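Right, one structure below, let's go through it.
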Amino acid sequence: MSDRQRVVVKIGSSLLANEEHLTLRYAFMHGVMEDVARLRDEGIDVVLTSSGAVAIGLSTIGVAPEEAGLLDKQAAAACGQPLLMNAYKQIALEYGFDIAQVLVTLDDLEDRRRFLNTKNTITRLIERGVMPIVNENNSVTTAELKVGDNDRLAAKVAQMVQADKLVILTSVDGLYDRNPEDEGAQHVPVVEDVSEYLEVTSSVSALGTGGMLTKMRAANMAQNAGVETIIGQGEVDRPVSALLKDERRHTKCVALGDPDSSWAIWLTDRLQQAGGLVVDEAMAEKLRKDRADIGRCDIVSVQGEFSKGDVLHIYDEDGEELARGMSNFTSAEILLLARNTDSTPSELLGYESKPRIIAADNMAVIQDHHLTWEAPTESVTLVG
Ligand SMILES: Nc1ncnc2c1ncn2[C@@H]1O[C@H](COP(=O)(O)OP(=O)(O)O)[C@@H](O)[C@H]1O
Ligand SMILES: N[C@@H](CCC(=O)OP(=O)(O)O)C(=O)O
């Protein structure tokens, strides 16, 4: 086992792109890469999650950020991503190391097999001394199927590589108790419970995507996996090491001391909601205590259209989220099974199948440290 540390660093668009001309900010990139080179010498492997492809590419297609629709952003990402990687590569080589591009889509993180495949690629790059630079492949993402923000993408990468720390470099020196532009806004140095700050973090910078809200959500995902998150200003000398060494003001989101297993973490920290199940009170009571197999007789309603293997959010009849678990059936199959409990699964489905809708082994119960999701309001299909 290597004694080198792993740090995931996320760099926001506002640091990488000049706001007026939408060109790359080379001097900033030089500063970060020099810092990374030094950290590597000190035994810290860095994985970058870099935004900027869309912002940079908008100048190529001649569209202003505030006017860009989905198609413009897809086209811009295709133009900007190679420019970004070319710059990273040239600068990294000047500092004596090499980089690699890892472009992912939602399914590369939400589908277990693809998640492990992505993990293997990133891990092997680190082991071979090459710095992975991860971004979402925005040229092919749609409004519905996307990670959407690189803060949570970076948190997923931190979970994936079991990072020691997640450093989020942005245009402010951390979290404030309200929009930092507002008079009297106070800096928050330490966050234990991110849910206290979700209401105060809505605005974004001109080029940013999720603002402080997605950073808080990302910090929660990291803390669930035992990873501390540091959010700080990127526009300073040695931005990463200054934050790691506590030399600059920042916000620290503490890590859970006793994180769940990586399987439970993967099940609970979702990027999108694939679908939901409402269970009856008897099953809800069980799930409030521990994991349990969910059978077809326990289900009250099915929410959304989903596939076999999707991770579902499980609610009680009052809409309280209780657990998340991997479905053994499609939504249509569950409706058929739950509406016709007198018939066997093989009679209904035409094949032999496991009797459980969700097995306890493929489930994680919601705990106080998880951020819960609202039950989907659309396409709720009542059984019966
Ligand atoms: N409560 C808050 N504390 C700190 N920053 C906040 C808060 N609410 C909104 N923001 C805004 O979040 C922005 C940073 O997020 P974002 O624009 O998405 O940057 P990035 O491109 O680095 O991800 C800052 O410009 C800041 O004004
Ligand atoms: N993947 C996108 C960036 C998405 C994003 O989260 O942007 P930001 O809020 O600036 O970190 C891109 O490369 O342009």
Side-chain angles (χ1 to χ4, degrees), residues 8-19 22 24-25 28 32 48-61 63 65 68 70 72-85 87-88 101-106 109 133-141 146-157 166-182 184-189 191 194 196-219 229 231-235 239 249-251 253 271:
V8 174
V9 177
K10 186 262 168 170
I11 307 181
S13 308
S14 52
L15 293 168
L16 287 158
N18 171 302
E19 201 178 311
L22 301 176
L24 273 176
R25 300 184 66 231
F28 166 77
V32 175
L48 273 194
T49 301
S50 178
S51 302
V54 173
I56 298 300
L58 285 174
S59 67
T60 313
I61 63 166
V63 175
L70 177 64
D72 293 322
K73 287 183 183 169
Q74 289 173 320
C79 300
Q81 184 66 21
L83 296 174
L84 198 59
M85 294 310 293
Y88 274 124
Q101 165 181 271
V102 182
L103 283 180
V104 297
T105 56
L106 182 71
L109 305 162
I133 304 185
V134 186
N135 196 3
E136 183 168 12
N137 189 356
N138 295 116
S139 306
V140 295
T141 54
K146 61 175 178 181
V147 179
D149 67 89
N150 275 7
D151 298 313
R152 292 180 312 142
L153 172 60
K156 271 278 157 193
V157 173
L166 167 63
V167 175
I168 299 183
L169 298 182
T170 183
S171 49
V172 277
D173 58 1
L175 172 72
Y176 285 73
D177 65 352
R178 68 200 85 158
N179 188 329
E181 313 266 291
D182 294 354
Q186 297 286 320
H187 184 261
V188 181
V191 174
V194 304
E196 290 171 12
Y197 296 98
L198 298 179
E199 304 285 314
V200 298
T201 49
S202 49
S203 66
V204 298
S205 62
L207 299 178
T209 300
M212 207 38 81
L213 177 63
T214 48
K215 293 176 189 27
M216 285 295 104
R217 291 193 188 284
T229 301
I231 305 170
Q233 171 63 260
E235 199 65 77
R249 189 154 91 146
H250 59 267
T251 295
C253 303
L271 296 161

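Here, residue 1 is the first one in the sequence, and each next residue gets the next number. Indexing begins at 1, ligand by ligand and atom by atom, following the structure's order. Please read all numbers here as calculations on a predicted model, not as lab measurements.
- Closest to atom 8 (P) of ligand 2 among all protein heavy atoms lies Ser51 OG, 3.5 Å.
- Look at Glu181 and you'll find every heavy atom at least 4.0 Å from all atoms of ligand 1.
- When each atom of ligand 2 is checked for a heavy atom of Gly12 under 4.0 Å away, the hits are 10 (O), 11 (O).
- Those atoms of ligand 1 that come under 4.0 Å of a heavy atom in Arg178, given as number and element, are 1 (N), 2 (C).
- For ligand 1, the polar-atom distance check finds an N/O of Lys215 within less than 3.5 Å of one of the ligand's N/O atoms.
- By the 3.5 Å distance cut-off applied to N or O atoms, Lys215 is not counted among the residues near ligand 2.
- Shown here are the side chain to side chain donor-acceptor pair (under 3.5 Å) partners of Ser14, two or more places apart in sequence or in another chain: there are none.
- Residue, atom and distance of the protein heavy atom nearest to atom 3 (N) of ligand 1 are Tyr176 N, 2.9 Å.
- Using a 4.0 angstrom heavy-atom cutoff, Ala185 does not count as in contact with ligand 1.
- Looking only at heavy atoms of the protein, atom 13 (C) of ligand 1 is closest to Ser205 N, 4.0 Å.
- Across all their heavy atoms, Gly234 and Leu15 have their closest contact at CA-CD1, 3.9 Å.
- The distance criterion of under 3.5 Å between nitrogen or oxygen atoms is not met by Glu136 with respect to ligand 2.
- In this structure Pro180 satisfies the side-chain contact (heavy atoms from CB on, under 4.5 Å) test together with Val172, Tyr176, sequence neighbours excluded.
- Two residues are said to be in side-chain contact when any heavy atoms from C-beta on lie closer than 4.5 Å; Ile133 and Val102 fail this criterion.
- Val191 places a side-chain heavy atom less than 4.5 Å from the side chain of Leu175.
- Listed by number with element, the atoms of ligand 1 under 4.0 Å from a non-hydrogen atom of Gly12 are 20 (P), 21 (O), 22 (O).
- Annotation for ligand 2: atoms under 4.0 Å from non-hydrogen atoms of Asp149 are 6 (O).
- You'll find the side chain of Asp149 stays beyond 4.5 Å of the side chain of Glu136, heavy atoms only.
- For atom 11 (C) of ligand 1, the closest non-hydrogen atom on the protein side is Ser203 O, 3.3 Å.
- The closest approach between a heavy atom of Gln81 and any atom of ligand 2 is not below 4.0 Å.
- Between Gly52 and ligand 2, an N or O atom pair is found at a separation short of 3.5 Å.
- Ligand-side atoms of ligand 2 in range of Asn138: 1 (N), 2 (C), 12 (C), 13 (O), range being under 4.0 angstrom from any heavy atom.
- For ligand 2, one of its N or O atoms has an N or O atom of Val54 under 3.5 Å away.
- Counting only heavy atoms of the protein, atom 6 (O) of ligand 2 lies nearest to Asn150 N, 2.7 Å.
- In terms of protein heavy-atom proximity, atom 4 (C) of ligand 2 is nearest to Thr209 OG1, 3.5 Å.
- Atoms of ligand 1 lying under 4.0 Å from at least one heavy atom of Ser13, given by number and element, are 21 (O).
- Close N/O approach between Ser50 and ligand 2 is not found [any backbone or side-chain N/O within under 3.5 Å].
- Contacts of Lys10 with ligand 1, taken as heavy-atom pairs under 4.0 Å, involve the side chain alone.
- Screening Val134, Val104, Val9 for a side chain to side chain contact (heavy atoms under 4.5 Å, CB included) involving Val157 leaves a single residue, Val134.
- Residues Lys156 and Leu271 are in side-chain contact: their nearest non-hydrogen atoms beyond the backbone lie under 4.5 Å apart.
- Here CD of Glu199 is found 14.5 Å from CZ of Arg178. Values are rounded to the nearest 0.5 Å.
- When only modelled atom types and interatomic distance are considered, Asn150 and Ser51 share a side-chain donor-acceptor pair under 3.5 Å.
- Lys10 has a carboxylate O that lies under 4.0 Å from a charged side-chain N of Asp151, or vice versa, which qualifies the two as a salt bridge.
- Close approach to Ser14 involves these atoms of ligand 1, each under 4.0 Å from a residue heavy atom: 21 (O), 22 (O).
- Per-residue contacts place Thr209 under 4.0 angstrom from the following atoms of ligand 1 (heavy atoms of the residue considered): 18 (O).
- In terms of protein heavy-atom proximity, atom 11 (O) of ligand 2 is nearest to Lys10 NZ, 2.4 Å.
- Near Ala53, the atoms of ligand 2 lying under 4.0 angstrom from a non-hydrogen atom of the residue are 12 (C), 13 (O), 14 (O).
- Considering backbone and side-chain N/O of Thr170, one or more are found under 3.5 Å from N/O of ligand 1.
- Side-chain atoms of Ile11 and Phe28, non-hydrogen and from C-beta on, do get closer than 4.5 Å to each other.
- The nearest non-hydrogen atom to atom 4 (C) of ligand 1, considering only Gly174, Ala218, Ser171, comes from Gly174.
- At the shortest separation from atom 7 (C) of ligand 1 among protein heavy atoms lies Pro180 CD, 3.5 Å.
- Asn135 ND2, 2.8 Å is the protein heavy atom nearest to atom 13 (O) of ligand 2.
- Checking side-chain atoms of Gln81 against main-chain N and O of Ala53 turns up no donor-acceptor pair under 3.5 Å.
- Considering backbone and side-chain atoms together, Gly211 places an N or O closer than 3.5 Å to an N or O of ligand 1.
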Apply the test side chain to side chain contact (heavy atoms under 4.5 Å, CB included) to residues His187 and Asp173: give CA-CA distance (whole Å), side-chain angles for both, the deciding distance (0.1 Å), then the verdict.
-> CA-CA 8 Å; His187 184 261; Asp173 58 1; 3.7 Å; yes
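- Counting heavy atoms from C-beta on, the side chains of Thr49 and Val8 come closer than 4.5 Å.
- At a threshold of 4.0 Å, the pair Arg25-Glu235 counts as salt-bridged, since one of the basic side-chain nitrogens sits closer than that to a carboxylate oxygen.
- Looking at Leu109 and Val147, their side chains come closer than 4.5 Å, going by heavy atoms from C-beta outward.
- Looking at atom 10 (O) of ligand 2, its nearest protein heavy atom turns out to be Ser13 OG, 2.6 Å.
- Put simply, the residue from Leu83, Leu22, Leu24 that forms a side chain to side chain contact (heavy atoms under 4.5 Å, CB included) with Ser59 is Leu22.
- Taking a 4.0 Å cut-off on heavy atoms, Ser51 fails to register as neighbouring ligand 1.
- Ile61 is listed as a side-chain neighbour of Cys79, based on a closest heavy-atom distance under 4.5 Å.
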